[in-house]
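Report on the structure given below.
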Amino acid sequence: MTATTTTTGPAFRERRPSRRVPTARLVLYGALVLGLLATLAPFAWMFLGSVKPTGEIVAHPSTWLPRSPTFANFEQLLSKQNFGLYFLNSTVVAVTCVLGNLLFCSMAGYAFAKIEFAGKRLLFGLVLTMLIIPGVTTFVPLFVLVSNMGLGNSYLGLILPFLVTPFGVFIMRQFIRDIPDALVEAARLDGAGESRIFLRVILPLTRPALATLAILTFLAQWNNFLWPLVIAQTEDHYTLPVALALFSTGANGTNYGLLLAGAVTVVTPIILLFLALQRHFIQGIANTGIK
């Protein structure tokens, strides 16, 4: 007769896996939360400060929450002469540059990724070289070139130098390179030309990269300050950053309330654009290998 043992006692109960979070992970989560708060703090101060009176903004000690919320700063900003024109100028410049980059950079990226031609490696090497050259080194030659073309103080002068960028060409080339060559070869065997392949096969597959390029280009041109400041010589061609820099200061010092209200006005379209294209933007970043 063999002895039987019971497994119903406390010592023989099945051990459940521990749900305790490792200390290292807690430290990581804490660091990420602190980093998030540090990133959001300036934006929170900007939005809250835009509805504060100027005296409350410069008061010591300062407070986060407005004691007497007011929209007087926005009313003053909107009542400024030609503010609608400045907003329109920024919109025209940014949107046109985005459309130009989406078209020309994707065309160049397709050529570098899927078409064999003489000097291909050399030309792409020049594109990569342009990526590492600081923009300030080409600012003066570019200004002289645009001025000699008679494009100073014009929309074309604001837009033309940024219709295509080396960074955009690089992004599109990296993404299109990962598209299977079999799709392109099959289209060529069916008699499709390069333009038709580009429009019907390549472009529909590059939406994440196009969204990434659109956001980055819009962000760069919407916030561009130095080039419009130099090219736009009259108020009818000022963009928002230039107008805010000139009209937020007065004889008695900086009008911080007006400046913060203007900053909110400038930042809001960028946030809305990112929220609309967030999914495609993240996918494009992951697929193009941008760090």
Side-chain angles (χ1 to χ4, degrees), residues 26-95 97-98 211-212 214-229 232 235 238-282 284-285 290:
L26 289 176
V27 173
L28 176 61
Y29 289 163
L32 292 176
V33 170
L34 291 177
L36 177 62
L37 294 177
T39 303
L40 294 179
F43 293 95
W45 179 264
M46 177 184 65
F47 281 100
L48 294 174
S50 65
V51 295
K52 291 181 180 180
T54 302
E56 190 173 336
I57 295 175
V58 298
H60 295 283
S62 60
T63 58
W64 278 89
L65 297 178
R67 298 172 184 173
S68 304
T70 177
F71 290 96
N73 296 323
F74 290 96
E75 295 175 358
Q76 182 182 0
L77 180 68
L78 295 177
S79 64
K80 284 286 185 180
Q81 186 178 6
N82 293 333
F83 177 80
L85 179 60
Y86 305 145
F87 192 92
L88 178 62
N89 290 342
S90 290
T91 303
V92 170
V93 171
V95 172
C97 289
V98 167
T212 302
I215 292 178
L216 295 178
T217 303
F218 186 88
L219 178 63
Q221 299 308 316
W222 186 263
N223 294 329
N224 196 358
F225 172 74
L226 187 58
W227 182 255
L229 178 65
E235 292 186 11
Y238 283 174
T239 57
L240 275 178
V242 176
L244 292 177
L246 296 180
F247 295 134
S248 61
T249 57
N252 298 324
T254 302
N255 188 335
Y256 292 103
L258 182 62
L259 188 60
L260 291 174
V264 171
T265 305
V266 173
V267 168
T268 300
I270 298 174
I271 296 177
L272 295 178
L273 178 65
F274 176 78
L275 293 178
L277 302 177
Q278 179 181 7
R279 179 171 62 89
H280 298 292
F281 177 76
I282 295 175
I285 290 292
I290 304 174

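For the single chain, residues carry numbers from 1 onward in sequence order.
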**Study point:** Chi angles and distances behind the side-chain contact (heavy atoms from CB on, under 4.5 Å) call for V51, F74
**Key:** CA-CA 8 Å; V51 295; F74 290 96; 4.2 Å; yes
Check your understanding: Where is the tightest heavy-atom contact between I57 and K52, given as atom of each residue plus distance?
Key -> CG1-CB, 3.7 Å
Check your understanding: Looking at T265 and A261, what are the two nearest heavy atoms and their distance?
Key -> OG1-O, 2.9 Å
Check your understanding: Which is it for V93 and W222 under the side-chain contact (heavy atoms from CB on, under 4.5 Å) test, yes or no, and what are the steps along the way?
Key -> CA-CA 8 Å; V93 171; W222 186 263; over 6 Å; no
Check your understanding: Where is the tightest heavy-atom contact between F218 and I270, given as atom of each residue plus distance?
Key -> CE2-CG1, 4.2 Å
Exercise for review: To the nearest 0.5 Å, tell me how far T70 OG1 sits from E75 CD.
Suggested key: 6.5 Å
Exercise for review: Taking all heavy atoms of R67 and all of E56, pick out the closest pair and write down the distance.
Suggested key: N-OE2, 2.5 Å
**Study point:** For W64 against A44, the heavy-atom pair lying closest together
**Key:** CZ3-CB, 4.0 Å
Review point. Would a distance-only check, ignoring hydrogens and angles, find a side-chain to backbone donor-acceptor pair under 3.5 Å from S50 to F47?
Key: yes
Practice item. Measure the shortest side-chain to side-chain distance between L260 and L48 over non-hydrogen atoms and say whether it is less than 4.5 angstrom. Key: no
Exercise for review: State, with a plain yes or no, whether a side-chain heavy atom of T239 is found less than 4.5 Å away from one of Q221.
Suggested key: no
Point to revise | Gap separating the CG atom of N224 from the CG atom of L219, nearest 0.5 angstrom | key: 10.5 Å
Exercise for review: For side-chain contact (heavy atoms from CB on, under 4.5 Å), just list the numbers for N73 and Y256, CA-CA rounded to whole Å, side-chain angles, deciding distance to a tenth of an Å, and then say yes or no.
Suggested key: CA-CA 9 Å; N73 296 323; Y256 292 103; over 6 Å; no
Exercise for review: State whether the number of non-hydrogen atoms from other residues, nucleotides or ligands found under 6.0 Å of F71 atom CZ is greater than 12.
Suggested key: no
Check your understanding: Side-chain contact, heavy-atom cut-off 4.5 Å: P53 with P66?
Key -> no
